[in-house]
Amino acid sequence: MPNTPLPRVRFAPSPTGFLHVGGARTALYNLLFARREKGTYILRIEDTDVERSREELTGQILSALEWLGLEHDEGPYYQSRRYDLYRAAAERLIAEGKAYRAFETPEELDLERKRAEAEGRSYRYSGTGREIPPDESDRRARAGEKFVVRLRMPAETIVVDDLIRGRVEFPAEALDDFVLVRSDERPLYHFTVCVDDADMRITHVLRGDDHLANTPKHVALFRALGAEVPAFAHLGMILGTDRKKLSKRYGAAAVEEWREQGIFPEALVNFLALLGWSPGEDREILSREEMEREFSLDRIGASPSVFDPEKLLWVNAQYMARMPAEELLRRAEPHAPSGLPEKEAALAAVELHRTRARTAIEMGRALSLYAADPEEYDPDGLRKHVRPETAPEIERLIAAFEKVESWTAHDLDAALRQLAAEMKVSASRLIHPVRLALTGVTVGAPLFDVVALLGKETALRRLKKFVAKIRETK
RNA sequence: GGCCCCAUCGUCUAGUGGUUAGGACACGGCUCUUUCAAGGCCGCGGCACGGGUUCGAGUCCCGUUGGGGCCA
């Protein structure tokens, strides 16, 4: 047996106030990879940016992940509680000569930068700090002089063997000695990430493409830290319909937003899984178990993908079509604006509307039609289906319905058609206004199922209300 | 500006040198039908461009264009 250690992966969001769908996908891929490889999936919160990070914002990310069912095996770890680790690592790197103190003031650096710009050169740090002898550096630090800690970058091309992109080379000239710790002693992003990844023995880093260009820095850092360099897999970005990076103001970027729109978590997960990964066959609807079984890095595409809300809605509808009625009812309940009818009717209504609704919101709304009489009627519907004869016709229908012995769709259908025949009008001349009377709208489930479901009392009451209403408007 | 990544229908994608370039969403039509859906059937629609390599390129290489990212 080769002793390749089991993979350890992590998702490391910074708490920005909402979980971005791109982040959700990254979390999902990490989780699927860990499951598939029998590894460990770790959650780590990158909350060192104290001004922007508040506990509440972290809570939102956590609850969005939980809602999606993306449960971590380890963590969450909070970077804000690990400052000692970063400080120790910085001191060690300095002691080993792998990093050094640089004493330039921000003003001096600014000047250098401006000079470079004026001369049309691209700016790189001069590297003056490199030359300061260790004892002098220590002395100046002890004397209270302000400094930043910079990494001594090797003068060699850094090669990243990305699992998705293949071999990517970064020439040494492109990289300068970047800052690890600021002059106020706060460790910077690239530094904390690597210290943590090393400390947590992360073996595979799956993350967004936007970090590819940072990877050579990380590789250099891992080496300096004496840690094994993890494998990298950079995922393509998720774009908006405008082909721009999906942003908050685009509206669809936040997982929480889709939750509010009545999208099911497993549908969003399914949709996101397919945004960049494919199981290889023409399958669109996959359970978590199937994904966990079949996920593999070499079936991930390198190109960015556009987030298409229409397709998400379709995936959601697929889940709606398959979900047990009880479950669907439970999930639609919070979205029913005027409550639900009693249990049995509600379950029947769910069956009637599951192919007609695409979200929990739409389902909730549909179910509420059975719970409360319509407060208003669709104006277009009134114009289209109400004629002077309508009121008396419906009154005759009420009378006919009164006499129906078993209140079933079948018998109600027969009763209406018989009446229509007697009146020498088409059945649809009654059907349309009746739907409007019962539901307030012109579209919906098959009418006689609706009438049956409503029950005699309710149906007749609504018909009478409707007649009164159109009489008074006239 | 420098460095890096990406490129198959409008969108998500299958495709790993020889395919009538497949599927899904969306769109259009037909069907079913009291409406709206769902379903079924049919259709529209794609290898960004230019050079190579090869008997043969969507597939490999180079460039162009376009999009994106990182650093400043």
N/O-N/O pairs, protein side and nucleotides 29-35 of chain B side, under 3.5 Å:
{"unit_1": "B:U34", "atom_1": "O2'", "unit_2": "A:His432", "atom_2": "NE2", "d": "3.0"}
{"unit_1": "B:U34", "atom_1": "O2", "unit_2": "A:Arg435", "atom_2": "NH1", "d": "3.3"}
{"unit_1": "B:U34", "atom_1": "O2", "unit_2": "A:Arg435", "atom_2": "NH2", "d": "3.2"}
{"unit_1": "B:U34", "atom_1": "N3", "unit_2": "A:Leu447", "atom_2": "N", "d": "3.3"}
{"unit_1": "B:U34", "atom_1": "O4", "unit_2": "A:Leu447", "atom_2": "N", "d": "3.2"}
{"unit_1": "B:U35", "atom_1": "O2'", "unit_2": "A:Thr442", "atom_2": "O", "d": "3.4"}
{"unit_1": "B:U35", "atom_1": "O2", "unit_2": "A:Gly444", "atom_2": "N", "d": "2.9"}
{"unit_1": "B:U35", "atom_1": "O2", "unit_2": "A:Gly444", "atom_2": "O", "d": "3.2"}
{"unit_1": "B:U35", "atom_1": "N3", "unit_2": "A:Arg435", "atom_2": "NH2", "d": "3.1"}
{"unit_1": "B:U35", "atom_1": "N3", "unit_2": "A:Gly444", "atom_2": "O", "d": "2.6"}
{"unit_1": "B:U35", "atom_1": "O4", "unit_2": "A:Pro446", "atom_2": "N", "d": "3.2"}

Show each protein N/O and nucleotides 10-14 of chain B N/O combination with a separation under 3.5 Å, one pair to a line.
{"unit_1": "B:C12", "atom_1": "OP1", "unit_2": "A:Val306", "atom_2": "N", "d": "2.8"}
{"unit_1": "B:C12", "atom_1": "O2'", "unit_2": "A:Leu274", "atom_2": "O", "d": "3.2"}
{"unit_1": "B:U13", "atom_1": "OP1", "unit_2": "A:Gly276", "atom_2": "N", "d": "2.6"}
{"unit_1": "B:U13", "atom_1": "OP1", "unit_2": "A:Ser305", "atom_2": "OG", "d": "3.3"}
{"unit_1": "B:A14", "atom_1": "O3'", "unit_2": "A:Arg299", "atom_2": "NH2", "d": "3.2"}

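By the 30° and 60° cut-offs, the orientation of the rings of A:Tyr370 relative to A:His353 is perpendicular. Ring geometry, A:His20 versus A:Phe18: the interplanar angle falls from 30° to 60°, so the pair is classed tilted. Under the 30°/60° scheme for interplanar angles, the aromatic rings of A:Trp277 and A:Phe295 are found to be tilted. The aromatic rings of A:His218 and A:His190 sit tilted, their planes meeting at an angle between 30° and 60°.
Distance noted for atom C1' between B:A38 and B:U31: 13 Å (whole Å). Comparing the P positions of B:U8 and B:C47 gives a spacing of 11 Å, expressed to the nearest Å. Rounded to whole Å, the separation between the P atoms of B:A7 and B:U11 comes to 14 Å. Spacing of P atoms, B:C41 relative to B:G23, comes out at 12 Å, to the nearest Å. As rounded to the nearest Å, B:U59 and B:C42 have C1' atoms that lie 31 Å from one another. Between B:G45 and B:G28, the two P atoms lie 16 Å apart (nearest whole Å). A distance of about 36 Å separates the C1' atoms of B:U53 and B:A24, rounded to the whole Å. Comparing the C1' positions of B:G15 and B:G46 gives an interatomic distance of 13 Å, to the nearest angstrom.
Taking 4.5 Å as the limit, some side-chain heavy atom of A:Ile45 sits within range of a side-chain heavy atom of A:Pro13.
Across all strands shown, B:G58 remains unpaired; no Watson-Crick or G-U wobble contact has both distances below 3.5 Å. When both distances must be under 3.5 Å, the Watson-Crick or G-U wobble mate of B:U20 does not exist. Nucleotide B:C3: paired with B:G69 (Watson-Crick or G-U wobble, both distances less than 3.5 Å). Of all nucleotides present, only B:G29 satisfies the Watson-Crick or G-U wobble test against B:C41, with each distance under 3.5 Å.
Between the A:Arg259 side chain and the A:Val255 main chain, no donor and acceptor come within less than 3.5 Å of each other.
The residue A:Phe170 sits close only to the backbone: its heavy atoms come under 4.0 Å of sugar-phosphate atoms, none of a base. Backbone-only engagement by A:Glu169 is indicated by non-hydrogen atom pairs under 4.0 Å involving sugar-phosphate atoms exclusively.
If you take CD1 of A:Ile238 and P of B:G69, they are 14 Å apart, rounded to a whole angstrom. As a whole-Å value, the separation of A:Leu438 CG from B:C36 C1' is 16 Å. Straight-line distance from the CZ atom of A:Phe178 to the P atom of B:G2: 23 Å, rounded to whole Å. Across the protein-nucleic acid pair, A:Asp209 atom CG and B:A7 atom C1' stand 13 Å apart, rounded to whole Å. Summarising the geometry, the separation between CD on A:Glu362 and P on B:C36 is reported as 16 Å, rounded to the nearest angstrom. Going from atom CG of A:Asp162 over to atom P of B:C3 covers 20 Å, rounded to whole Å. Summarising the geometry, the separation between CE on A:Met320 and P on B:G39 is reported as 14 Å, rounded to the nearest angstrom. Rounded to whole angstrom, the span from the CE atom of A:Met363 across to the P atom of B:A38 amounts to 14 Å.
Listed nucleotides: B:C4, B:C71, B:A37. Nearest to the side chain of A:Asn214: B:C71.
Checked against a 6.0 Å centroid threshold, the rings of A:Trp407 and A:Phe401 count as neighbours. Aromatic rings from A:Phe271 and A:Trp258 are positioned such that their centres are separated by 6.0 Å or more.
Within a 6.0 Å radius of NZ in A:Lys456, other residues, nucleotides and ligands contribute more than 12 heavy atoms. Within a 6.0 Å sphere centred on CD of A:Glu402, heavy atoms belonging to other residues, nucleotides or ligands number more than 12. For A:Glu395, the CD atom is densely surrounded, since the number of other residues' heavy atoms within 6.0 Å is greater than 12.
Comparing A:Asp210 and A:Ala302 by the nucleotide of RNA chain B whose heavy atom lies nearest to each, the residue mapping closer to the 5' end is A:Ala302.
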